[in-house]
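Structure first, commentary second.
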Amino acid sequence: MTYHPKSDFMRVMMERGFIADCTDYQALDEALCEGVVPAYIGFDATAKSLHVGSLIQIMMLRWLQKTGHKPITLMGGGTTKVGDPSFRADERPLLDEAAINDNISGIKQVFAKYIDYSDADNGALMLNNAEWLDGLNYLEFLRDIGRHFSVNRMLSFESVKSRIDREQSLSFLEFNYMILQAYDFLELNRRYGCLLQMGGSDQWGNIVNGIDLTRRVIDNQIFGLTSPLLTTSEGKKMGKSADGAVWLNADMRSPYEFWQFWRNTTDADVGRFLKLYTELPVEECDRLGALAGQEINDAKVILANEVTTLCHGAEAAAAAEATAREVFEKGGVGDDLPTLELSAADLGDGISIVQLIVKSGLAKSGKDAKRLIKENGAKLDDENLTDAGLMVDAAKLAQPIKLSAGKKRHALVKLAD
């Protein structure tokens, strides 16, 4: 891509590696130079928090606002009732309205940390597509909107085609998702003057549908911009770790565990992640990413601190770093470690060390915990744990004990007060 942008937003997107594709680089760049551009990203409410996989989109909205434009965070209160089939092997479980609204209230907590929702000219809007989708008349919608969609074309989109090629069922409900998302863009343009939809590159087909529909129905020019679907240099999907999704809400993934996820970044990913997930200058990101040996570990601490500060605040980042130093460098027990508290009833006459490893989140099952012990990957208070039959009673928990899985994952176990 040799286009040289004039607008601050497009320059930042290109320099920092946010762009996979754009429907019209030059026309979008010109619109961004002419005035405040409202732009949206949609987030379906399938869980009570977003995870690290959504962070690239949140950072795009943050940069949009920092360069003078207006972010719109669109909650999928309506579309979540259908479920996005894009690149899924099966149908999403359907949620009722109460569960969707509960999830939306959890997700909103994240956005407030990254984006300003004040009434400034470029103050962000938090919208819910249930506002226009819930009241749709089916026959009117088919006649006014459905007639603009070619089933042949919809079947050619990779997200649908891959599902059909694998002979996996695609329900009519899910097939309608792309029509509803296209309609979102039309309504946002009509109601709020929204000119741009952004999303991951798996959303390209849905975005193009919305642009085409808006041109056909109200003859307005709007734009699409996608970000790369991010994997680590090891080919792992961004947002997942050994013990599950890396959630952005503190009540679902502690700030210490969040910090630790970034501290454990592979050397080859440090420079790229600094550009995407922090606001450090590009030159500094390149310099830090090029370090080697012990110095690259220092760069990872900077990455972890910067990302955690944005998501959880500077105090949480500092506490996580202090805990990590205490645990890893001094062999101590940090105040901020994930903690399992057991009541006297939980403990009974004693609880097996295998159960404690599972309950503290260091293994997914008893089988995993036993394998960890057998392969010398488990420690109790920094000493190798070799006895899978060990029982822990109240006397052993007179002081908190520290469990470790490998070198990087630790938890405290203590009796509740």
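We use all heavy atoms of the structure for the numbers below, so side chains are in, but hydrogens, waters and symmetry mates are not.
Between the side chains of Trp259 and Asn305, a donor-acceptor pair is found at a separation under 3.5 Å. With hydrogens and angles left out, the side-chain atoms of Gln203 and Asn206 include a donor and acceptor closer than 3.5 Å. In the model, Arg190 has no side-chain atom that pairs as donor or acceptor with a side-chain atom of Asn220 under 3.5 Å. Under 3.5 Å, the side chains of Thr73 and Tyr117 contain a donor-acceptor pair of N or O atoms. Defined by atom type and a distance below 3.5 Å, a donor-acceptor pair is missing between the side-chain atoms of Asp21 and Thr226. For the 3.5 Å distance criterion, the side chains of Asp8 and Thr67 fail to qualify, holding no donor opposite an acceptor.
We find that Arg287 and Glu283 are not joined by a salt bridge, their nearest charged nitrogen and carboxylate oxygen being 4.0 Å or further apart. Using a cut-off of 4.0 Å between Lys/Arg side-chain N and Asp/Glu carboxylate O, Glu321 and Arg263 are scored as not salt-bridged. For Glu30 and Lys6, the salt-bridge test fails: no basic side-chain N is under 4.0 Å from an acidic carboxylate O.
The backbone N or O of Ala130 lies less than 3.5 Å from a partner atom in the side chain of Asn128, making a donor-acceptor pair. Although no hydrogens or angles enter the test, the distance criterion places a donor-acceptor pair under 3.5 Å between the side chain of Asn249 and the main chain of Gly106. Without hydrogens or angle criteria, Thr278 side chain to Leu280 main chain gives a donor-acceptor distance under 3.5 Å. With Ser49 contributing its side chain and Leu248 its backbone, the two residues share a donor-acceptor pair below 3.5 Å. Judged by distance alone, with hydrogens and angles left aside, the side-chain atoms of Ser352 form a donor-acceptor pair with the main-chain N or O of Gln355 at under 3.5 Å.
A 4.5 Å side-chain heavy-atom check between Met14 and His4 finds every atom pair outside the cut-off. Proximity of Asp286 to Lys275: side-chain heavy atoms (C-beta onward) are separated by under 4.5 Å at one or more points. Residues Cys311 and Phe258 are in side-chain contact: their nearest non-hydrogen atoms beyond the backbone lie under 4.5 Å apart. With contacts defined as side-chain heavy-atom distances shorter than 4.5 Å, the pair Met252/His51 does not qualify. At a threshold of 4.5 Å between non-hydrogen side-chain atoms, the residues Leu291 and Asp298 do not count as touching. The shortest distance between side-chain heavy atoms of Lys300 and Trp262 does not fall below 4.5 Å. A heavy-atom distance below 4.5 Å is found between the side chains of Ile353 and Ile373. You'll find the side chain of Ile351 reaches within 4.5 Å of the side chain of Lys359, heavy atoms only.
Under the side chain to side chain donor-acceptor pair (under 3.5 Å) test applied with Asp368, the options Arg371, Lys370, Lys364 reduce to a single match, Arg371. Checking Asp184, Asp44, Asp134 one by one against Asn129, the side chain to side chain donor-acceptor pair (under 3.5 Å) holds for a single residue, Asp184. Partner His69 forms a side-chain contact (heavy atoms from CB on, under 4.5 Å) with one of Leu195, Val37, Asn122 and no other, that one being Val37.
In plain terms, the two heavy atoms of Ala20 and Pro228 that are nearest each other are CB-N, 3.6 Å. Heavy atoms only, all atoms of each residue included: Val354 and Ala388 are closest at CG2-O, 3.4 Å. Listed here is the closest heavy atom pair of Ala45 and Asn103: O-ND2, 3.0 Å. Nearest heavy-atom pair, Ala124 versus Ile115, reported as atom, atom and distance to 0.1 Å: CB-CG2, 3.2 Å. Summarising the geometry of Pro71 relative to Gln65, their closest heavy-atom pair is CG-CB, 3.6 Å, with the distance given to 0.1 Å. The two residues Trp132 and Leu74 come nearest to each other via the heavy atoms CH2-CD1, 3.8 Å.
Heavy-atom contacts from other residues, nucleotides or ligands closer than 6.0 Å to CG of Asp121 number 12 or fewer. Residue Lys374 qualifies as open at atom NZ: its count of foreign heavy atoms under 6.0 Å is 12 or below.
Distance check: Met59 CE to Leu55 CG gives 6.5 Å after rounding to the nearest 0.5 Å. Within the model, atoms CG of Asn189 and CD of Gln197 stand 11.5 Å from one another, a figure rounded to the nearest 0.5 Å. Residue Leu229 holds its CG atom at 4.5 Å from CG of Asp202, rounded to the nearest 0.5 Å. To the nearest 0.5 Å, atoms CD (Gln260) and OG1 (Thr323) are separated by 9.5 Å. The CD atom of Gln181 sits 12.0 Å away from atom CG of Leu213, with the distance rounded to the nearest 0.5 Å. In this structure, NZ in Lys70 is found 9.5 Å from CG in Asp116, a value given to the nearest 0.5 Å.
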- Task: Would you check, one step at a time, whether the test side chain to side chain contact (heavy atoms under 4.5 Å, CB included) holds for Met75 with Leu127?
- Result: CA-CA 6 Å; Met75 295 287 96; Leu127 303 175; over 6 Å; no

- Query: Run the side chain to side chain contact (heavy atoms under 4.5 Å, CB included) check on Phe9 and Lys66 step by step: do they pass?
  - Reply: CA-CA 8 Å; Phe9 177 67; Lys66 282 174 74 81; over 6 Å; no

- Just do the side chain to side chain donor-acceptor pair (under 3.5 Å) check on Asp29 and Ser7 with the steps written out, would you? CA-CA 6 Å; Asp29 195 26; Ser7 66; 2.5 Å; yes

- Message: Test side chain to side chain donor-acceptor pair (under 3.5 Å) on Glu257 and Ser254; report intermediate values, then the result.
- Response: CA-CA 5 Å; Glu257 292 172 295; Ser254 76; 3.1 Å; yes

- Task: Please report the C-alpha distance between Arg272 and Leu230 in whole Å, then the side-chain angles of each, then the deciding distance to 0.1 Å, and finally whether the side chain to side chain contact (heavy atoms under 4.5 Å, CB included) criterion is met.
- Result: CA-CA 10 Å; Arg272 183 169 56 128; Leu230 217 61; 3.4 Å; yes

- Query: Do Tyr40 and Tyr192 pass the ring-ring contact (aromatic ring centres under 6.0 Å, His included) test, and can you show the C-alpha distance, the side-chain angles, and the key distance before you say yes or no?
  - Reply: CA-CA 10 Å; Tyr40 94 99; Tyr192 300 97; over 10 Å; no

- Task: Could you give me the CA-CA distance, side-chain angles and deciding distance for Asp212 and His148, then say whether side chain to side chain contact (heavy atoms under 4.5 Å, CB included) is met?
- Result: CA-CA 9 Å; Asp212 191 44; His148 295 294; over 6 Å; no

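The aromatic rings of Tyr277 and Phe273 sit perpendicular to each other, their planes meeting at more than 60°, with 30° as the lower class boundary.
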